[in-house]
Amino acid sequence: MKNIVVLVSGGGTNLQALIDAEHRGEIKGGHITCVISSRADAYALERAKAAGIKTRVLVRKEYPDIAAYSKAMLEALLEEKADLVVYAGFMTILDEQVCKAFPYKMMNVHPALIPSFCGKGFYGLHVHEAVLAKGVKVSGATVHFVTEECDGGPIILQGTVNVENDDTPETLQHRIMENVEWKLLPKAVSLFCEGRITIKDGKAYVDQQ
Ligand code: GAR
């Protein structure tokens, strides 16, 4: 069984999707062992506690810089013996010391179709605001491996939704979460735990069988 550590910062609906998928037996070969939050008031922590999952809090603002925060996070991940680290609405960028320690063992869900609407500054509702401002007709979400390049690691799974004329950032966010994120993140986690994702020439190949 692989130890899955989930990193969160907010409401934790993606964490809930992972917890529910595990309860339904859909995370094959893995088990959520710890949830680490960058905020003490994240509702995601309540979801973890309700599911009986160990929680830890590492508040970003209590560290002088990203390097010090990343060092503390790396120590926590090693203590938890993480086999897979999942960013589920985790809003802090960790530096290369963490990426190097967990090569192709960290995945993130991003609420847009990478390589569009991604990178620094594109997080949460800001992503959907930018999508609507541009007037694109299709958006979606991407699950990808985390590397040193923000939102630039190998893409594992993507799914789409139509953008409607009367969408607000909130309605679009919810449609993408419900139709794509909450389904694809547990699926990608299970694929990883089953050993069905391989990396070749910097790209991820998924054995969908
Ligand atoms: C999700 O839409 C996730 O894709 C996004 O934040 C939301 C968190 O919701 N993540 C990012 O923007 C990361 N760049 P949740 O806390 O309810 O899972």
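First listed ligand is number 1; within each ligand, the first listed atom is number 1. Since we're looking at a predicted model, the values are computed, not measured.
The distance from the CG atom of Asp151 to the OG1 atom of Thr142 is 8.5 Å, given to the nearest 0.5 Å. Lys49 contributes atom NZ, which lies 12.0 Å from atom CD1 of Ile53 (distance to the nearest 0.5 angstrom).
Backbone and side-chain nitrogen or oxygen atoms of Asn14 are examined, and one is located within less than 3.5 angstrom of a nitrogen or oxygen of ligand 1. Between Met177 and ligand 1, not a single N/O pair is under 3.5 Å apart. By the 3.5 Å distance cut-off applied to N or O atoms, Thr13 is counted among the residues near ligand 1.
Close approach of ligand 1 to His110 (heavy-atom distance below 4.0 Å) involves ligand atoms 14 (N). Listed by atom number, the atoms of ligand 1 under 4.0 Å from Pro111 heavy atoms are 2 (O), 4 (O), 5 (C), 10 (N), 11 (C), 12 (O). Distances below 4.0 Å separate heavy atoms of Phe122 from the following atoms of ligand 1: 14 (N).
Between Asn3 and His31, every side-chain heavy-atom pair lies at or beyond the 4.5 Å cut-off.
At a cut-off of 3.5 Å, with distance as the only test, a side-chain donor of Asn108 or His144 sits close to an acceptor on the other residue.
For atom 12 (O) of ligand 1, the closest non-hydrogen atom on the protein side is Gly124 N, 2.8 Å. The protein atom (non-hydrogen) at minimum distance from atom 16 (O) of ligand 1 is Gly12 N, 2.8 Å. Protein heavy atom closest to atom 4 (O) of ligand 1, with residue, atom name and distance, is Glu181 OE1, 2.7 Å. Counting only heavy atoms of the protein, atom 8 (C) of ligand 1 lies nearest to Gly89 CA, 3.6 Å. Protein heavy atom in closest approach to atom 6 (O) of ligand 1: Met91 CE, 3.2 Å.
For the pair Ala44 and ligand 1, no heavy-atom separation below 4.0 Å is found. Contact analysis puts Val109 in contact with ligand 1, with a non-hydrogen atom separation below 4.0 angstrom.
When the shell of 6.0 Å around CZ of Arg56 is examined, it contains more than 12 heavy atoms from other residues, nucleotides or ligands. Around the CZ atom of Phe117, the shell of radius 6.0 Å holds more than 12 heavy atoms that belong to other residues, nucleotides or ligands.
Below 30°, between 30° and 60°, or above 60°: for Tyr69 and Phe90 the angle between ring planes is below 30°, a parallel geometry.
Remark: Asp95 does not engage Lys71 in a salt bridge, criterion side-chain N to carboxylate O under 4.0 Å.
The two residues Pro111 and Ser139 have their closest heavy-atom pair at O-OG, 4.5 Å.
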